[in-house]
Amino acid sequence: MNTLATYDEAIERTLYTAEDIARAIGRLAAEIARDHAGQPLLLLGVLKGALYVAVDLARAIARVPGGPSEIFVDYVCASSYGNATRSSGEVRILKDTSMPVAGQNVVIVEDIVDNGLTLQYLQALLRGRNPAHLRSCVLFNKPYHRLVDVPIEYVGLRSPDEFVVGYGLDYQELFRNLPYLAQLRAQVFSQEG
Ligand code: IMP
């Protein structure tokens with residue numbers, strides 16, 4: 001990254017603007033609110049990638065009339081082993097839930113699903129704790145290299161078959177704070193030693 005001094009220089013193109021993302025979150029919020037009308041809901045964001053999705057979704061659900069009776073927000077912090085751009089599905093839980101999952105209507109909130117192994121691992125882990133319902137919400141779906149068939153009840157936007165950054169998604173811990181989804185220039189990857 002040393003010759004690409006600024007974020008602007010590192011970015012090839014914008015894939016979804018902040019407005020596109022806000023609209024998708026509004027749609028997901030309406031679907032989740034409808035499915036949990038009058039019931040408590042536990043939104044479980046997967047850090048670090050779902051940092052923004054989980055909070056924006058929680059606030060959007062609260063604005064839907066006739067939605068859940070109560071909305072709890074919790075996080076797990078998970079890290080997948082793998083190389084810089086592909087997960088291996090071997091997941092480390094760096095921070096577990098702080099609320100009990102048993103008997104709750106849980107929606108896992110993920111930033112992106114690619115091969116599906118990370119989400120599959122989390123679903124199995126949480127299912128073992130006996131939630132009343134377990135559903136999954138993914139903002140960006142990358143369906144091109146799925147290795148496992150994971151159920152995803154709420155899908156936001158389709159990501160191209162590229163490594164993408166922004167709105168919580170990183171490349172080597174950078175670019176998470178971009179308010180939009182972007183594709184990086186090939187040089188960014190080729191400069192890594
Ligand atoms: P999966 O196990 O291949 O489904 O990958 C899921 C995790 O890999 C996500 O939660 C992200 O942290 C990361 N990931 C997958 N694709 C991308 C991408 O294009 N940009 C940034 N992170 C990604």
Side-chain angles (χ1 to χ4, degrees), residues 15-16 20-80 87 89 91 93 95-161 164 166-169 181:
L15 299 165
Y16 290 108
D20 296 332
I21 293 172
R23 263 193 302 276
I25 290 197
R27 254 193 297 110
L28 292 170
E31 292 171 26
I32 294 171
R34 181 199 59 208
D35 292 351
H36 297 83
Q39 302 165 42
L41 165 67
L42 171 58
L43 276 187
L44 192 58
V46 183
L47 292 178
K48 295 181 197 172
L51 188 65
Y52 299 108
V53 198
V55 285
D56 285 351
L57 199 52
R59 291 187 294 195
I61 293 169
R63 288 195 291 267
V64 180
S69 54
E70 295 164 297
I71 303 168
F72 302 99
V73 183
D74 200 0
Y75 286 97
V76 290
C77 187
S79 170
S80 298
S87 90
V91 180
I93 300 295
K95 182 217 161 279
D96 208 331
T97 54
S98 48
M99 290 186 61
V101 161
Q104 299 286 343
N105 301 312
V106 179
V107 174
I108 302 174
V109 181
E110 263 280 32
D111 50 356
I112 193 162
V113 173
D114 181 14
N115 64 33
L117 293 170
T118 305
L119 185 59
Q120 184 188 52
Y121 178 93
L122 291 168
Q123 287 179 349
L125 179 77
L126 294 164
R127 209 174 287 117
R129 298 178 185 177
N130 300 315
H133 281 105
L134 182 65
R135 298 179 174 107
S136 300
C137 172
V138 168
L139 181 57
F140 300 112
N141 188 26
K142 258 172 116 171
Y144 320 97
H145 305 280
R146 217 50 125 241
L147 295 176
V148 287
D149 189 19
V150 273
I152 306 174
E153 286 76 9
Y154 311 105
V155 178
L157 298 164
R158 178 179 280 245
S159 163
D161 188 10
V164 296
Y167 199 72
L169 289 159
L181 191 78

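Counting begins at 1 with the first residue of the sequence.
- Inter-residue side-chain proximity for Gln123 and Pro151 is flagged as met; some heavy-atom pair is nearer than 4.5 Å.
- Side chain of Arg34 to backbone of Gly67: no donor-acceptor contact under 3.5 angstrom is found.
- Atom OG of Ser79 sits about 11.5 Å away from atom CG of Leu47, to the nearest 0.5 Å.
- A side chain to side chain contact (heavy atoms under 4.5 Å, CB included) with Val138 is found for one member of Asp111, Val150, Leu157, Val113 and no other, namely Val113.
- A pairwise comparison of heavy atoms in Ile21 and Leu181 identifies CD1-N, 3.9 Å as the closest pair.
- A heavy-atom distance below 4.5 Å is found between the side chains of Phe72 and Glu70.
- Here the side chains of Ile93 and Leu125 are in contact, with some heavy-atom distance below 4.5 Å.
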Determine whether Tyr75 and Val55 satisfy the following criterion, side-chain contact (heavy atoms from CB on, under 4.5 Å), listing intermediate values before the conclusion. CA-CA 10 Å; Tyr75 286 97; Val55 285; 3.4 Å; yes
How far apart are the C-alpha atoms of Ile32 and Glu153, what are their side-chain angles, what is the distance that settles it, and do they pass the side-chain contact (heavy atoms from CB on, under 4.5 Å) test? CA-CA 9 Å; Ile32 294 171; Glu153 286 76 9; over 6 Å; no
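- Residues Ile61 and Leu43 have side chains in contact (heavy-atom distance under 4.5 Å, counting atoms from C-beta outward).
- The two residues Ala54 and Gly45 come nearest to each other via the heavy atoms CB-CA, 4.0 Å.
- Remark: side-chain polar atoms of Asn130 are not paired, donor with acceptor, to backbone N or O of Ala102 under 3.5 angstrom.
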Please determine whether side-chain contact (heavy atoms from CB on, under 4.5 Å) holds for the pair Asp35 and His133, giving the CA-CA distance in whole Å, both sets of side-chain angles, and the decisive distance to 0.1 Å. CA-CA 11 Å; Asp35 292 351; His133 281 105; over 6 Å; no
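- Using a 4.5 Å cut-off on side-chain heavy atoms (C-beta onward), Glu110 and Thr118 make contact.
- Screening Leu28, Leu134, Leu41, Leu57 for a side chain to side chain contact (heavy atoms under 4.5 Å, CB included) involving Val107 leaves a single residue, Leu41.
- Considering Val106, Asn105, Val73 in turn, Val106 is the only one that fulfils the side chain to side chain contact (heavy atoms under 4.5 Å, CB included) rule with Leu42.
- With a 4.5 Å cut-off on side-chain heavy atoms, Ile25 and Val53 count as touching.
- For the residue pair Ala37 and Gly66, the shortest heavy atom distance occurs at CB-O, 3.4 Å.
- Looking at every heavy atom in both residues, Val148 comes nearest to Arg146 through O-CG, 3.2 Å.
- Smallest separation of non-hydrogen atoms from Ala58 and Ile71: O-CD1, 4.2 Å.
- Side-chain contact between Tyr52 and Leu139 is absent, with no heavy atoms from C-beta onward closer than 4.5 Å.
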Could you walk me through whether Leu44 and Gln104 satisfy the side-chain contact (heavy atoms from CB on, under 4.5 Å) test, starting with their C-alpha distance in whole Å, then the side-chain angles of each, then the deciding distance to 0.1 Å, before giving a yes or no? CA-CA 11 Å; Leu44 192 58; Gln104 299 286 343; over 6 Å; no
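- For the pair Tyr16/Tyr167, no side-chain contact is recorded, criterion being any heavy-atom separation below 4.5 Å from C-beta on.
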